[in-house]
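Throughout, a chain's letter reflects where its sequence line sits, starting with A, and its residues are numbered from 1.
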There are 2 protein chains.
Amino acid sequence: MATISDVAEKSGLSKATVSRVINNHPYISKEKRELVYKAMEELGYQPNPSARRLRGQLTNTIGVIVPRIVNPFFSYLVDALEQEAYDHNYQVLMFQSDEKKDKELYFLNLLKTRQVDGIIMTSIESDREVIESYTKFGPILLCNEYISQSEMPVVRVDQTKAAYMGTKHLLDQGYRNIAYCTGGLFVDDGKDKDRNVGFQKALNEYEIEINPGWVFINKHTIEDGKLVMQQISDMDYRPDAIFTGSDEIAAGIVLEAKSLGFKIPEDLAVIGFDDQPIAEMIDPALSTIRQPVKEMGVQSVDMLLSLLKNEPLAERQKELSVELVIRSST
Amino acid sequence: MATISDVAEKSGLSKATVSRVINNHPYISKEKRELVYKAMEELGYQPNPSARRLRGQLTNTIGVIVPRIVNPFFSYLVDALEQEAYDHNYQVLMFQSDEKKDKELYFLNLLKTRQVDGIIMTSIESDREVIESYTKFGPILLCNEYISQSEMPVVRVDQTKAAYMGTKHLLDQGYRNIAYCTGGLFVDDGKDKDRNVGFQKALNEYEIEINPGWVFINKHTIEDGKLVMQQISDMDYRPDAIFTGSDEIAAGIVLEAKSLGFKIPEDLAVIGFDDQPIAEMIDPALSTIRQPVKEMGVQSVDMLLSLLKNEPLAERQKELSVELVIRSST
DNA sequence: GATGATTGTGAAACTGATTTCATAATTAAT
DNA sequence: ATTAATTATGAAATCAGTTTCACAATCATC
């Protein structure tokens, strides 16, 4: 590969001048500029990012942490992030935390050594203080997941409202015995906590108490959903509707319900979350709460890039709105 | 961040010695070694990858090109690749080619500037010569997709056999009017070509001719599958079975067939490819050809790492075997 | 005891860029 | 016409590592 010295030699100029041309510095005569461009062209020159990085420049690489890429919600999110990054000439270093603290920390460390310019976290495992302590090495943006009370920049949806909308919809449809199934722990911080609030708020309006036996926590996969349905099936007193934390769980519930002989939504109404492709694929199609995944990705990258350029932000905590999608499962 | 000079100073030794300790060079006394470790520990020192990279060392980063991460086959593949990479202390720079040549080339260029040590390509857009020309900058491994007649290292499945198995299964079940639906072009190179061969081979054994009107090319998504089914529905003379290039297309066909009032497999038998989660989710569940995705990811990373270390390879072209999974759609 | 090989260490060069500092050549202002 | 400001360029320092080269010190061999 040609180096900046080669370009300097070929153009009969110094490395300094070449560097200035590359970086669009002022005070360079038009002729020399042309000379440099010509030499770069002929040599097929490309600046070495490692050398730039070393000199303290940015690397055009952002890190993205996801819990697991096989989860469609996250693969769609990463898709949006990668595309928006590419459009701004950035590359994406993708990393799966697998919901483990040590993996997450390993990746955050890349910020220290300037392997990435900034990081977008779509999930959070470590404690708030730990994550905030890394912000001194570079910008960290929370996307989708977030930490209550934190000042960190974040792009998220209004989960309280989302959960409220979903639950309200079930209540409006006449369901009164509503179960609740969440990905986190019921007392969790951030996203899940906000959802809980929305869920409870809707119930309060109808003066309904939560039935603790109908609360399922830490559920994520289709398989989890099937297990939930089995538990419900075994109950003496069953709910007539269930609010779930993702379309995958909802799908698992629907699938298992069918094979157990329950009718959806007559015996059990099910509402999903996310609006993934799967929601339309199963029968009956899932009512769900659509998350603006594409927009979340775009906004996240844009905000991170602004942070990198030290541009003033209109708002450090951006909230996107969700949409209730009514299909046949409720 | 502490630098190697800080460690040198703290330990009272030279940078050279510290570097030797870090890189496990021979001929260093035990005492000095201890001194260095102690200093590194106290300073929380971590070597700067950019500086190492610049000096011509490896970066512990591999690039992965996928056409589109939202395609479950590829998100499962990336999942496997990322995990195996992590286990060997490597990071993954993920990139979507979006099936576009220019994007692919953009990414291959990272090899030139040593941004990545090597690249795993799970899809191929450019011509063979172009891709091979990049191998002089670092190892490129083909995974899943491959180029006929090329010497490039590859991890793949025997697509000819896979397609043969699938088609044979349809024939054995008594179907004789078999349509064919592929992701590539029917005359394509590599993977798709091999599948065509297997498909034709099975037909030949039963002395059946291909019906050109029943060949669908360049189909990828669920949506594509639905469109294919609509076309079939409009035909005067319809096939009684269809071999597809992916479970997604197969799912689209099944979904649309149901809403058009066709019975699967009575009116039309459908066999998928990949064995993605979706195959078990739809009703009727898809018969399909299972690809060993996890193993492909593991083997690919292992082989690339061997190439990076210049280790001799048992085989540069590794072939994994597939498995016929019979469910209800055939 | 001289010679050669092995072991152990540091100074300095090197990787490929950017930036500081110095300086020359114009242009503008007094 | 002299001084000051602006424009334009290059030499050398710098970033944080690794590697080469030189040189001791220790050990083994004849």
Side-chain angles (χ1 to χ4, degrees), chain A residues 1-37 39-40 43-61 89 109-117 137-138 308, chain B residues 1-37 39-40 43-61 109-117 137-138:
Chain A
M1 277 300 295
T3 72
I4 199 171
S5 301
D6 299 331
V7 177
E9 199 175 337
K10 183 142 204 145
S11 60
L13 297 166
S14 69
K15 294 196 308 179
T17 303
V18 175
S19 173
R20 289 188 184 107
V21 171
I22 294 169
N23 295 285
N24 281 313
H25 285 209
Y27 308 146
I28 302 156
S29 63
K30 191 161 266 177
E31 3 157 18
K32 315 261 158 152
R33 193 182 293 273
E34 298 299 331
L35 277 173
V36 171
Y37 281 138
M40 292 204 296
L43 291 166
Y45 169 75
Q46 281 188 293
N48 181 317
S50 302
R52 294 183 131 180
R53 225 172 289 225
L54 184 53
R55 201 49 235 255
Q57 287 249 132
L58 299 183
T59 70
N60 286 273
T61 305
N89 250 296
N109 265 309
L110 299 185
L111 209 49
K112 271 196 195 173
T113 51
R114 293 179 177 284
Q115 293 252 67
V116 293
D117 296 340
F137 302 113
L308 284 170
Chain B
M1 280 299 296
T3 73
I4 198 173
S5 300
D6 298 332
V7 177
E9 198 175 337
K10 182 142 204 147
S11 60
L13 296 164
S14 70
K15 292 196 308 179
T17 303
V18 175
S19 174
R20 289 188 183 106
V21 171
I22 295 169
N23 295 285
N24 280 314
H25 285 210
Y27 308 146
I28 301 156
S29 63
K30 190 160 269 178
E31 1 156 20
K32 313 260 156 154
R33 194 182 292 274
E34 298 299 333
L35 276 173
V36 172
Y37 281 138
M40 291 203 297
L43 291 167
Y45 170 74
Q46 279 187 295
N48 181 318
S50 302
R52 297 181 127 177
R53 225 172 289 224
L54 184 54
R55 198 52 235 256
Q57 287 251 130
L58 298 182
T59 70
N60 284 272
T61 304
N109 266 310
L110 299 185
L111 209 48
K112 272 196 194 170
T113 51
R114 295 179 179 285
Q115 292 251 68
V116 294
D117 296 340
F137 303 113

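Checking the phosphate oxygens (OP1, OP2) of D/dT9, a side-chain nitrogen or oxygen of A/Ser29 falls inside 4.0 Å. Of the side-chain N and O atoms in B/Ser14, one or more sit less than 4.0 angstrom from OP1 or OP2 of C/dG10. Between B/Arg52 and the phosphate of D/dT18, there is a side-chain N or O to OP1/OP2 separation shorter than 4.0 Å.
A/Met1 has its CE atom 15 Å from the P atom of C/dT15, to the nearest Å. Atom C1' of nucleotide C/dG16 and atom CD of A/Glu9 are separated by 15 Å, given to the nearest angstrom. Regarding A/Asp6, its CG atom lies at a distance of 13 Å from the C1' atom of C/dT15, rounded to whole Å. A straight line from CG of B/Leu35 to P of C/dG10 spans 10 Å, rounded to a whole angstrom. With rounding to whole Å, A/Arg53 atom CZ is found 15 Å from D/dG17 atom C1'. Taking atom CG of A/Leu58 as the reference point, atom P of C/dT18 lies 12 Å away to the nearest angstrom. Straight-line distance from the CD1 atom of A/Ile4 to the P atom of D/dC15: 18 Å, rounded to whole Å. Between the CG atom of B/Leu13 and the P atom of C/dG8 there is a distance of 14 Å, rounded to whole Å.
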What nitrogen or oxygen pairs link the protein and nucleotides 3-7 of chain D at under 3.5 Å?
{"from": "D/dT7", "atom 1": "OP2", "to": "A/Tyr27", "atom 2": "OH", "distance (Å)": "2.7"}

Enumerate all atom pairs, one protein N or O and one N or O from nucleotides 19-26 of chain D, separated by less than 3.5 Å.
{"from": "D/dT20", "atom 1": "O4", "to": "B/Arg20", "atom 2": "NH2", "distance (Å)": "3.2"}

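Note that the CD1 atom of B/Ile28 and the CG atom of B/Asn23 stand 9.0 Å from one another [nearest 0.5 Å]. Atoms OG1 and CD, on B/Thr3 and B/Gln46 in that order, are 13.5 Å from each other to the nearest 0.5 Å. The CD1 atom of A/Ile4 lies 7.0 Å from the NZ atom of A/Lys15; values are rounded to the nearest 0.5 Å. Note that CZ of A/Arg53 is 5.0 Å distant from CZ of B/Arg53, once rounded to the nearest 0.5 Å. A distance of 6.0 Å separates CG of A/Asn89 from CG of A/Asn60, quoted to the nearest 0.5 Å.
You'll find the side chain of B/Tyr37 reaches within 4.5 Å of the side chain of B/Val21, heavy atoms only. Looking at heavy atoms from C-beta onward, B/Arg52 lies in side-chain contact with B/Ile22 at the 4.5 angstrom threshold.
In this structure, A/Gln46 reaches the sugar-phosphate backbone alone: every heavy-atom distance under 4.0 Å involves primed, P, OP1 or OP2 atoms, never a base.
With sequence neighbours left out, the side chain to side chain donor-acceptor pair (under 3.5 Å) criterion links A/Ser5 to no other residue.
B/Asn48 contributes a side-chain N or O that, together with a main-chain N or O of B/Ser50, makes up a donor-acceptor pair within less than 3.5 Å.
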